[in-house]
Every structure is written in C-alpha cells, then in structure tokens.
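Take a look at the structure set out below.
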Protein chains: 2
Amino acid sequence: MTSSKRPPAGVLDRGLWLLSQFSMERKKLPLKELASLSGLDKATALRLLKVLVDWGYLVKNADGSYSPGPSNLRLASIYRATSNTITRIEAPIARISERVGQTTAFFVRSGEERICLARDHAYQDFRYFIEVGGSVSLSEGGAAAQLLMAYSGEAGERHDETRGRGYYISRGERNRHFASVAMPLFESDGQFLGALTITGLAVDLPDDDLIGFVDIVRAEVAGAGLSLSR
Amino acid sequence: MTSSKRPPAGVLDRGLWLLSQFSMERKKLPLKELASLSGLDKATALRLLKVLVDWGYLVKNADGSYSPGPSNLRLASIYRATSNTITRIEAPIARISERVGQTTAFFVRSGEERICLARDHAYQDFRYFIEVGGSVSLSEGGAAAQLLMAYSGEAGERHDETRGRGYYISRGERNRHFASVAMPLFESDGQFLGALTITGLAVDLPDDDLIGFVDIVRAEVAGAGLSLSR
DNA sequence: GATACATATTTCATTGAATGAAATTTAGAG
DNA sequence: CTCTAAATTTCATTCAATGAAATATGTATC
C-alpha cells in the first residue's frame, strides 16, 4: 500500500498531513501504515508522531497503533463556541427536518473536504450516516460537495450551471438509494457560508419535491438572518 | 503582553504551541498577540499560521484575527468514535447524576491540562460551566486536576495522600461556592483512565455526603466494567 | 525455548528548510 | 490626506530536519 499523493515539504505540513490520514474508516493506524499512506520515511513519521502524541493530538494505543487524541476535543469545542454559524443554523435545521420529514444537515468546505457542522437529530437512517464532524473528500461527490465546489470559486460548466440554478440535486450519487438537494447558505452581508442539504430515500423524493424544499429552507433560514442568495 | 514561557524548538511543536494559545477565554487572537503570547517572531508565527489555516485547523476571521477551524471537528469526531471510554462512561454518568442530584463529569489528563470528555446533561448551573472539550491547566486546581496529577505519577506528599485515600475533595478550590469529589477511574486491566467528579454547591454538600458518593459511583461504573481502584 | 520475520526505534553525517531582523505594504484612526 | 500600528514579504545565515542503515523489540512458528 503505497501513498497516493506526495507528502508536503514543511514539517508542520507533514505533521498535519499525517493527521489527515485518519478518517472514520481508518481510525487507528500503525507507524508502518502511516508511513506508507503518507509517503514519509518511517523515521520521519515516527518523529512527527511523537510530537503529536506529546501534545495529545494523537494517542498511542496499547498495540502500538495511533489514533486521534483528546486535544482535538478541546479545539473543537472552542471552534463550536466561535462559530456563530453553527449556533444559528441549528434551530432552522430542526424546523426544516420537521417540516419536510427528511434528514437535514449543514456542511462547510475545508480544503478538499466537506465537513458536517450540524445535522438534525430526528431522521437517522442506518443506511445513511451523517455525523457532526464527519468529512469526505469533495471528489467523492454528493450534493453538498458539488454545491460547495460551485460556490467556492471552482470553474467549469457544471459549476456555472449550479450557480445559475441556485441549488444542486443528486440522485444516488454518493449513496445508491438516496437523493439530496443542496443549497448555498449566505450571511446577510453576502458571505458564502456552506451547503445545507436535505436527504432521503430516492423513491420517496421526486425532483419536484426536492425543488419544493428550497422555498421551505429559504423561509426557515431567514429567521436566523441567513439567505440562499447574495 | 510578553510570553510567559519560551517557545519550543521544532516546527511542528511550534505550530501546536500556537494552537495551544487558544482557549475558551481567548477564542480569537490577532497575529500580534499570538506572536507575543507564544514568544515567536511574528514572521515565524505568520508562516506557521498560514499552514494551520490552509489545513483548516485555524480560520482567519474578517478582522484578520485567527480562531480554531472546522478540521478540529473532524478529528474530534474520530476521537470520540475510537474512545470507548467515552461511550462506556456516558450511561453511568447519567445514572450517577440522577442518583446524587449533582453535576457529574469525566476528565482526562492531556499534557498539563485536564480535558472534559463527558458530563451529564441534567444539572447545568450557570455559575459553574463544564463543557465537553473544555480544558484548564492542571495548576489551576480543582478536584479533577489534583486527582489526575496524583494518579499520573506526580510525586509529592499531597499526591501520596490522595492515592492512599482513593478520592480527592475540594471546597471552593477552583470556584468559590462549589465543592467537588474526584475519583480515579480504572479499566478492568488496571489501566488508569481519568477522573470522575461530582460537583455541587458547597452549602449543599458536607464532606460526608461527598464521601458517600464514592460508593454510589463505584457501584454504577462497575456496570460498565470500570472500577475505582486497580 | 529457539528461530525467523515483521515492525518499531535509534543513530548520525548531510542537507535544505526554518529563521528573524529589516524593509515594505496595508489598513484604520484622526 | 497623514500618521501610526499591524501585517506581510524578503533574503542571507543557521540550525533543525532528514533518511539510509544499524539496532532493538515483539510475535508468530517450529
């Protein structure tokens, strides 16, 4: 298992690059694997890992493998406290999912990933996991990813279309049986914040229904001083 | 405002050192302040900050200041998913706080800090905040901090006593009107996990009550395969 | 309990990335 | 528009980072 990408140059970049190797699918990784996944020499990786463990961003498990550590909770809780977006979006999300009877979630772009900042607590389909903090590569699609790309300056005809339309509908793009509609969310001053999505079983959701959701969302987020266009 | 401590040497250490400057009290910091707090040259700090922003561990606000970014949520959610301690302790915590009618929380040591991994949802006193992810320096006391020091190999008569006693009671140590009892939590194989604390208004909680809580906790955590001694 | 294999850790001479003082630019206040 | 403070860029010097090789540790296998 060799690395898919070349490792970055700087030491701090390399440390964070190591952290980026962890995911919900790869929660625990031994040195060997971290070295090969990251493309770093194992001695180099080992030195960086020591530092990350010292600071609590990773922990070294009894079996010698590494996994994310408690310091991440610390920063996450500060992040949550500063992000007024999260606090403001939670109430609208609850009302939207109530009204449409489907899963509602909010995503932001971070680098080449999309991260879930909030989701409703009501509709948990075991076939379709969305966790707060969960992230997937933008290239792995989904409505949220397409929308985030379109509204964060990505060029291309497909993205032009999305921007013109003001929403993006996907059917089975990321998860075979599901359909989603994603909408851009803007601060009152016009700043782009992220993507709000409504997802449910494809068989329950013809395109017309998904398009109809847009108006519901527009109405609900307005109460929090947010809008779907600049 | 000059730095209290000398900055570490390695680049990765320095990057994480910068991250450690943020806290619930200092959620947003401009370059100037980060440089002086960390003791790093502002050019050096700026370069490191760029990297941290690129990876989403910090965000640069409109006013030029920095604060923790969404990538921390990503790692925090992986951490939460790997930490079976958190999942196992949540149910006992809920039952304990129910039985004793006070705030119950669980803390681990990370470096020179104590981080809250879990707390009950029942007793939220606005004068006594404990947030999941919240952290304070071990030196700033509190029962949890004293207990974590005693059980993570710290030397000293005070810590010997705590280890001998098997719990630590504080009255107004960290927060004037409150009293707490902290107990060590062990994995079934004897591994020390962290400190479980029960906190409430000092006037409601004579020492005898606090000591009585120990047996309740012992009984409740046993159900999750945890114990209060090796 | 000895042997072999795989993974983790340490070492150290070489190299190139990190450094920070100074110069320059940008932004806000008056 | 001018002044001041903060942010950013530059670049010659230096010191921390590097990684190949040697060594150690752990764990299956016979």
Side-chain angles (χ1 to χ4, degrees), chain A residues 1-22 26-69 82 189-191, chain B residues 1-22 26-69 82 189-191:
Chain A
M1 190 186 301
T2 328
S3 76
S4 37
K5 287 173 183 170
R6 291 299 88 213
V11 179
L12 181 52
D13 281 285
R14 287 178 164 196
L16 304 177
W17 173 240
L18 277 174
L19 290 182
S20 75
Q21 305 303 319
F22 294 89
R26 303 175 181 282
K27 301 189 188 73
K28 292 180 56 186
L29 296 167
L31 170 63
K32 171 86 186 292
E33 205 154 339
L34 278 163
S36 78
L37 281 171
S38 67
L40 294 167
D41 185 276
K42 65 184 151 59
T44 303
L46 187 69
R47 250 178 294 119
L48 300 178
L49 290 169
K50 276 213 183 82
V51 175
L52 292 165
V53 168
D54 280 347
W55 288 87
Y57 291 95
L58 291 178
V59 290
K60 191 168 187 181
N61 305 111
D63 64 359
S65 68
Y66 297 84
S67 46
T82 38
D189 65 5
Q191 191 199 349
Chain B
M1 187 184 303
T2 327
S3 77
S4 37
K5 287 174 184 171
R6 292 298 86 217
V11 179
L12 182 52
D13 281 283
R14 287 178 165 195
L16 303 177
W17 173 242
L18 277 174
L19 289 182
S20 75
Q21 304 305 318
F22 293 89
R26 303 174 182 281
K27 299 189 189 74
K28 290 179 59 185
L29 297 167
L31 171 63
K32 171 87 185 292
E33 206 154 337
L34 278 164
S36 78
L37 282 170
S38 67
L40 293 168
D41 185 276
K42 63 181 153 60
T44 303
L46 187 69
R47 250 176 294 118
L48 299 179
L49 290 169
K50 276 213 184 82
V51 175
L52 292 165
V53 169
D54 280 347
W55 288 86
Y57 291 95
L58 291 178
V59 289
K60 191 167 189 182
N61 305 111
D63 64 0
S65 68
Y66 297 84
S67 45
T82 38
D189 65 4
Q191 190 200 351

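Below, chains carry the letters A, B, ... as their sequence lines are ordered, and counting in each starts from 1. Because the structure is predicted, anything quoted here is derived from the model rather than measured.
Taking the side chain of A/Thr44 as heavy atoms from C-beta on, and the options D/dT8, D/dT18, C/dA8, the nearest nucleotide is D/dT18. For B/Lys32, the side-chain atoms get nearest to D/dA7 when compared with the rest of D/dA7, C/dT9, C/dA18.
One can place CG of A/Leu37 at 14 Å from P of C/dT7, the figure rounded to the nearest angstrom. Rounded to whole Å, atom C1' of D/dA7 lies 13 Å from atom CG of B/Asp63. Taking atom CG of A/Leu12 as the reference point, atom P of D/dA16 lies 17 Å away to the nearest angstrom. Distance B/Leu40 CG to D/dA16 P: 14 Å, rounded to the nearest Å. Distance, A/Leu48 CG to D/dA16 P: 16 Å, rounded to whole Å. Taking atom NZ of residue B/Lys50 and atom P of nucleotide C/dT19, one finds them 14 Å apart after rounding to whole Å. Straight-line distance from the CG atom of B/Leu18 to the P atom of C/dT19: 10 Å, rounded to whole Å. Protein atom CD of B/Glu33 is 16 Å distant from nucleotide atom P of D/dA5, rounded to whole Å.
Here B/Gly64 lies out of heavy-atom contact (under 4.0 Å) with every strand.
For the atom pair NZ of B/Lys27 and OG of B/Ser65, the computed distance is 12.5 Å after rounding to the nearest 0.5 Å. Between A/Leu19 atom CG and A/Leu52 atom CG the span is 5.0 Å, to the nearest 0.5 Å.
Where A/Ala9 and A/Lys60 each meet DNA chain C at their nearest nucleotide, the meeting point lying more 5' is that of A/Lys60. The nearest heavy atom of DNA chain C to A/Ser65 and to A/Gly10 marks one nucleotide each, and the one closer to the 5' end goes with A/Ser65.
With axes fitted over five pairs at each extremity, the angle between the ends of the helix from C/dG1-D/dC30 to C/dG30-D/dC1 is 60° (10° resolution).
The shortest heavy-atom contact between B/Leu48 and B/Arg14 is CD1-CB, 3.6 Å.
Remark: B/Arg14 is not in phosphate contact with D/dA17, judged by side-chain N or O atoms under 4.0 Å from OP1 or OP2.
By the salt bridge (Lys or Arg N to Asp or Glu O under 4.0 Å) test, A/Lys28 is found to be paired with A/Asp63, residues two or more places apart in sequence or in another chain being considered. Contacts of B/Asp41 classified as side chain to side chain donor-acceptor pair (under 3.5 Å), with partners at least two apart in sequence or in another chain: none. For B/Lys32, there are no side chain to side chain contact (heavy atoms under 4.5 Å, CB included) partners two or more places apart in sequence or in a different chain.
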- Per-nucleotide protein contact along nucleotides 21-30 of chain C, 5' to 3', at a 4.0 Å heavy-atom cut-off (B base, S sugar-phosphate only, - neither), is B---------
- Test side-chain contact (heavy atoms from CB on, under 4.5 Å) on A/Leu34 and A/Leu46 and set out the steps. CA-CA 9 Å; A/Leu34 278 163; A/Leu46 187 69; over 6 Å; no
- Apply side-chain contact (heavy atoms from CB on, under 4.5 Å) to A/Leu58 and A/Phe22, showing your working. CA-CA 10 Å; A/Leu58 291 178; A/Phe22 294 89; 3.7 Å; yes
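Among residue pairs with one or both ends in residues 45-59 of chain A, those qualifying as side-chain hydrogen bond (donor to acceptor under 3.5 Å, both in side chains) are A/Trp55-B/Asp13; sequence neighbours excluded.
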